[in-house]
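Read the numbers this way: they start at 1 and go in the same order the structure lists the ligands and their atoms. What you are looking at is a predicted structure, and each value in this text was computed from that prediction instead of being measured.
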Amino acid sequence: MSKSPLYTVLLIEDDAGDALLIEEILEQQECLARLVTAERLAEGMSCLQHINCDAVLLDMNLPDSSGLSTMTRLIDFAPGIPIIILTGDSDESFAIEAVKLGAQDYLVKGSIDGKILKRSIFYAVERKKLELALKQTRDLFERQARIDYLTGVYNRLMLNELLEAEQQRARRSGADLSLVMYDLDHFKKINDSYGHTVGDHVLKEVAQLASNNVRAHDILARWGGEEFVVLVPNSDLNQAILLAEKLCCLCRSYDFGNGLQVTASFGVTQFRADDNTESFTVRADEALYLAKRNGRNRVESI
Ligand SMILES: [Mg+2]
């Protein structure tokens, strides 16, 4: 009984002799790979769309593409696929460049034998898997560094970055920018009376409620504890007050479970040309303080 092929390998090679040679070498390796062939880069890309390939053997000089750009075009097209460069003796330095740009390995055409090819494919596939897994982990860490673990909205670190960017944009373009800062009323009582699990649930629901009711380009973040902010681009003070009133009303009338009611106090302010992050956020905080002092469950602005 013949063994089923371990990998599907796409060979993109315009030289029929070279292609045949690779094919023969692979055949001798007890069907390590099923080979799919293409003579042009475009044809190879089309194969990748239709066939689930594990690796690509790539000749960089093809009728429709030549040099390093053959490799970079392919990697841009299919970033997840391991590429092994096939090269002649004379252009080995190109192949090394290609590896630096993201190819997994290169093979010099004149000196390919079965063992080398088999090992190169195996390592290319495995190394690419590792590379992708590492990238996923890195993306996850990067995400975690910017997202509040409890509520899933941006954390303060991310907000500070976005605040800087939005203030610069507002300064440059003269567009309006406003800030809504809000804080749940008597939140400590909720934790004390119902426990932290219920407290956490309320925070999550409040974040969700806001997230469902701001515009796509508004920026919602947890400022800390039971305090949230919404950075509202292209909105003047009155528009931001309307948004705050809406969120205040939604919060007040929302059932947080078993009839639990929670209200929040809101402070709103609009960006001024001479503001910096500190003066902008301090003013929102002062407005919020005003809302607390004036009886909570309300919106105040400065
Ligand atoms: Mg060629």
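Side-chain polar atoms of Q208 and N212 form a donor-acceptor pair below 3.5 angstrom.
A salt bridge links R146 to E161: at least one charged side-chain nitrogen sits closer than 4.0 Å to a carboxylate oxygen. A salt bridge does not link D139 to R143: none of the charged side-chain nitrogens sits closer than 4.0 Å to a carboxylate oxygen. Salt-bridge annotation for D59 and K109: present, with a side-chain N of the basic residue lying under 4.0 Å from a carboxylate O of the acidic one.
Around the Mg ion (ligand 1), protein N, O or S atoms at a distance under 2.8 Å total 3; waters are neither shown nor counted.
Minimum interatomic distance between I12 and G44 (heavy atoms only, all atoms of both residues): CD1-CA, 3.8 Å. Taking each heavy atom of R283 and Q270 in turn, the nearest pair found is NH2-O, 2.8 Å.
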